[in-house]
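All ligand and atom numbering here is 1-based and tracks the order in the structure. The structure displayed is predicted, hence computed values, not measured ones. For reference, positions follow the sequence shown, starting with 1. Basis for what follows: all heavy atoms, side chains included, without hydrogens, waters or symmetry-related copies.
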Amino acid sequence: MTKETQLQVEAIKNGSVIDHIPANVGIKVLKLFKMDSTNQRVTVGLNLPSSALGAKDLIKVENTFISEEQANQLALYAPKATVNQIENYEVVKKLTLSLPEHIRGVFKCPNTNCITHGEPVDSSFTVRAKQDDVQLKCKYCEKVFSREIVTECN
Ligand code: CTP
Ligand code: ZN
């Protein structure tokens with residue numbers, strides 16, 4: 001159980017819990033994992049009180065397991081999020097998030113003149129991290145964008 005006396009969102013039997021998502025990022029994470037169009041039960045908590053973050057978003061999805069690769073994509077939006085795998089009501093695994101070196105086919109390039117917008121090619125970025133500052137370089141137009149710019153326009 002959490003430090004709170006009661007769970008803020010009902011416990012799940014099998015599936016994934018993505019916790020400690022910064023407030024206002026939860027909806028983007030839902031879309032990133034296409035959980036806005038799944039048939040599985042998804043419960044979402046937005047702006048929940050959190051001692052560590054002040055306010056946080058939380059996503060619980062039944063019968064769906066977040067892969068290592070997906071967890072790395074999540075690292076771009078929410079580096080401090082935790083991904084828990086639940087089996088028969090128990091937390092059986094916590095995935096650690098690490099930034100991927102490359103991200104393909106997930107984010108569109110913020111440069112509106114980039115060739116990726118007019119051609120049927122997947123976007124592709126190289127990820128560079130210096131301390132908390134994360135930058136993405138487009139493989140096609142070679143422009144460099146901050147993490148915030150890329151996630152905001154996607
Ligand atoms: N959880 C859930 N359903 C379960 C078990 C756990 O929804 N059957 C949720 C908890 O509410 C919590 C997350 O999964 O949001 C992780 O559970 P747990 O590790 O027990 O909580 P904490 O110790 O608070 O984990 P952390 O500090 O890693 O966030
Ligand atoms: Zn580009």
Checking Gln40 now: which residues fulfil side-chain hydrogen bond (donor to acceptor under 3.5 Å, both in side chains) with it, not counting sequence neighbours? Asn63
Would you mind listing which atoms of ligand 1 come within a distance below 4.0 Å of any non-hydrogen atom of Leu7? 11 (O)
Mind checking what makes ring pair (Phe, Tyr, Trp, His ring centres under 6.0 Å) contact with Phe145, not counting sequence neighbours? none
Need the ligand 1 atom indices (1-based, order shown) with element for anything under 4.0 Å from a heavy-atom of Ala11. 2 (C), 3 (N), 4 (C), 7 (O), 8 (N)
So is Ile12 polar-close to ligand 1, meaning N/O to N/O under 3.5 Å? yes
Would Ile27 and Ile59 show up in the same hydrophobic cluster when neighbours are defined by side-chain heavy atoms closer than 4.5 Å? yes
Following the transitive rule for hydrophobic clusters with a side-chain heavy-atom cut-off under 4.5 Å over Ile, Leu, Val, Met, Phe, Trp and Tyr, establish whether Val29 and Phe65 coincide in one cluster. no
At distances under 2.8 Å, what protein N, O or S atoms surround the Zn ion (ligand 2)? Cys109 SG, Cys114 SG, Cys138 SG, Cys141 SG
If you group Ile, Leu, Val, Met, Phe, Trp and Tyr by side-chain heavy-atom gaps below 4.5 Å, do Val25 and Leu95 land in one group? yes
Considering only Ile, Leu, Val, Met, Phe, Trp and Tyr, and joining two whenever side-chain heavy atoms are under 4.5 Å apart, list the other residues clustered with Leu58. Val9, Ile12, Val17, Leu48, Ile86, Val91
Tell me the nearest of Glu10, Lys60, Lys13, Lys94 to atom 22 (P) of ligand 1, using heavy-atom distances. Lys94
Atoms of ligand 1 under 4.0 Å from any heavy atom of Val91, numbered from 1 in the order shown, are 6 (C), 17 (O), 18 (P), 19 (O), 20 (O)
Under a single-linkage definition using a 4.5 Å side-chain heavy-atom cutoff for Ile, Leu, Val, Met, Phe, Trp and Tyr, are Val106 and Leu136 assigned to the same hydrophobic cluster? yes
Near Asn84, which atoms of ligand 1 are under 4.0 Å from a heavy atom of that residue? 13 (C), 16 (C)
Same hydrophobic cluster for Phe107 and Ile149, using side-chain heavy-atom links shorter than 4.5 Å among ILVMFWY? yes
Atoms of ligand 1 under 4.0 Å from any heavy atom of Asp19, numbered from 1 in the order shown, are 12 (C), 15 (O), 29 (O)
Can you find a pair of side-chain heavy atoms, one from Val83 and one from Gln70, that are under 4.5 Å apart? no
Numbered atoms and elements of ligand 1 in range of Tyr89, under 4.0 angstrom, heavy atoms: 4 (C), 5 (C), 8 (N)
Pairwise distance OG1(Thr82) to CG(Leu97) - rounded to 0.5 angstrom: 8.0 Å
